[in-house]
Amino acid sequence: NLRDGWTIVIGVDQADEEFLPSGMSDEQVRSFTQDDISAFVNEYADPFVEFSVSRVDDAGMQFVVIQVREFLDSPVLCKKDGDCKLRRGAMYVRGRRMYETIEVSSHVEMREVLDLAVEKGMRSLHEKLARIGLGGDRPTASEREAYDRELKDLE
């Protein structure tokens, strides 16, 4: 529920406000598969969360990078209670004051998510209207005919 999604890097330690690369073992990296993580995350998400899992080598260390995409059409809600304080029906976003995931608890956080959903809905509507000839840059057949009649009247 964040514009442009976000990136999670696994294999980094946090010391106070600083993040230090620590890397992961081969066994740890292999344990992060696209299918397993997708099944786990989407057990709690409605609608589903789209993301990609990749392995990255940097400076002789291995990391797992999870690229989470922004929601497709509507914001993602938690569909069941979970061990990590997940609450059924709650909407979560990234906090502004700390690196954390928080439940939407203010009108500012809710407005950001709703604005993004409205923009996506408007874009989708505009695309649909253009596909059926009721919008976009292309004139409709009746608009073209009216234009041609006006041109003939000028002659």
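Note that the structure is predicted; figures quoted are calculated from it, not measured. When a residue number appears, it is its place in the shown sequence, counting from 1.
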Could you state the interatomic distance from [atom1] ([X]) to [atom2] ([Y]), rounded to the nearest 0.5 Å?
| X | Y | atom1 | atom2 | value |
| --- | --- | --- | --- | --- |
| Leu114 | Ser74 | CG | OG | 11.5 Å |
| Gln67 | Asp4 | CD | CG | 11.0 Å |
| Glu27 | Ser31 | CD | OG | 7.5 Å |
| Arg55 | Gln28 | CZ | CD | 12.5 Å |
| Leu116 | Glu70 | CG | CD | 5.0 Å |
| Glu18 | Asp13 | CD | CG | 11.0 Å |

Exercise. Is it true that a side-chain atom of Thr101 and a backbone atom of Val93 form a donor plus acceptor pair closer than 3.5 Å?
Worked result: no
- With no hydrogens and no angle check, is any side-chain donor or acceptor of Gln34 less than 3.5 Å from a backbone partner on Asp36?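 No, Gln34 side chain to Asp36 backbone: no donor-acceptor pair under 3.5 Å.
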Spell out, yes or no, whether [X] and [Y] are grouped together once hydrophobic residues are joined by side-chain heavy atoms under 4.5 Å, including indirect joins.
| X | Y | answer |
| --- | --- | --- |
| Phe40 | Ile66 | yes |
| Trp6 | Phe48 | no |
| Val9 | Phe19 | yes |

Flag the pair [X] / [Y] as yes when at least one side-chain heavy-atom distance between them is below 4.5 Å, and no otherwise.
| X | Y | result |
| --- | --- | --- |
| Val56 | Gln62 | no |
| Ile37 | Phe51 | yes |
| Tyr44 | Val49 | no |
| Lys120 | Asp73 | no |
| Arg69 | Ser52 | yes |
| Val76 | Tyr92 | no |
| Met91 | Met110 | yes |
| Glu119 | Met122 | no |

Exercise: identify the closest heavy-atom pair between [X] and [Y]:
| X | Y | answer |
| --- | --- | --- |
| Gly11 | Phe63 | O-CE2, 3.0 Å |
| Glu103 | Ala90 | CD-CB, 3.6 Å |
| Pro75 | Ala117 | CD-CB, 4.0 Å |

* To do: Take Thr33 and Val53 through the test side-chain contact (heavy atoms from CB on, under 4.5 Å) and record every step on the way to the result.
  => CA-CA 7 Å; Thr33 67; Val53 178; over 6 Å; no
Hey, is NZ on Lys80 packed in by over 12 heavy atoms from elsewhere, all under 6.0 Å?
yes
